[in-house]
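Just below is one structure, and these are the notes that go with it.
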Amino acid sequence: MTCHLGYWLRVLPLLDGVRVVALDFRGHGLSRHAESYRYADYETDLTSLLDRLDLDDVTVAGHSLGGYVALLAATRSDRIGRVLAIDVKSDWTEADAAFAERSREATQRVEPEREPLLGRLAKSVVPTTLDADELELLAERALEPVDGGWRFRWDRRVLATEPVDAFAFLGRVRYPVHVLAGSESEVMPPDSAHRFADATPGATVEIVDGAGHHVELDAPELVAERILG
């Protein structure tokens, strides 16, 4: 699993009996901040982990950025067996470029109290609703105490991304791919999901009815089934 472990909180309990290795990319979750957040850096984070653990024929499940990077790695790594790509962004607009530029030197604002950040964290997964225990579990990985209060621990500079250009490499993916997208997602609408799968050799696509961008939160049982194959 790649990107931010916290968002997999409903899937992990359903994977009993299999070995699960979860990766927070650099600048995400509990991982350290870095000076470079290029897609190639994230790919190195993933492939280096597979090399270090000497894992082969791995099913890599990635949500959003994690899915994009998993597919990029699947054009080169010999250790990946299959990819589950969940609600991956495939377009790049002028608004995206402007937002990325604004994020280039951004820092996290410190709040004197923790509660406002909990509220922002809950809104980040809308329309999904987290119960109090789930929100707290996510907060444990997303928030940190600092002088003067609390802040998000992830590095805001991760939002200063390069242009998304998945169609430049999808044709070179070497392993089976299953694309999962939420029917209500604004990141990977159904038509985008089908174009994405069509560009990937042998890929299959599945639209999850009623799910938004966070398919792993909206349909955890289905995602777990697809991970298990």
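Not measured: the values here are computed from a predicted model. As a basis for the values below, the full set of heavy atoms in this structure was taken, side chains included, without hydrogen atoms, waters or symmetry mates.
With sequence neighbours left out, Arg114 forms a side-chain hydrogen bond (donor to acceptor under 3.5 Å, both in side chains) with Glu136.
In this pair, Phe152 and Trp154 present their aromatic rings tilted. The plane angle is within the 30 to 60° band. Between His28 and Tyr42, the ring-plane angle classifies as perpendicular under the 30° and 60° cut-offs.
Closest of all the heavy-atom pairs between Thr75 and Arg174 is O-CD, 3.3 Å. Here the closest non-hydrogen pair linking Ala73 and Leu46 is CB-CD2, 3.9 Å. Of all the heavy atoms in Gly182 and Pro190, the pair that sits closest is O-CD, 4.3 Å.
Between Asp57 and Arg79, none of the side-chain N atoms (NZ, or NE/NH1/NH2) sits under 4.0 Å from a carboxylate O, so this pair counts as no salt bridge. Classification of Lys89 and Asp91 as a salt-bridged pair holds, one side-chain N sitting under 4.0 Å from a carboxylate O. A salt bridge is defined here as a Lys NZ or Arg NE, NH1 or NH2 lying under 4.0 Å from an Asp or Glu carboxylate O, and Arg226 with Glu206 meets this definition. Under 4.0 Å is where a charged nitrogen must lie from a carboxylate oxygen, and between Arg156 and Glu105 no such pair does.
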(request) Take Thr93 and Asp96, measure what side-chain hydrogen bond (donor to acceptor under 3.5 Å, both in side chains) needs, and give me the verdict at the end. (result) CA-CA 5 Å; Thr93 66; Asp96 294 328; 3.1 Å; yes
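Residue pairs satisfying the ring pair (Phe, Tyr, Trp, His ring centres under 6.0 Å) criterion with at least one member in residues 193-224, sequence neighbours excluded, are listed as follows: Tyr7-His214, His63-His213, His63-His214.
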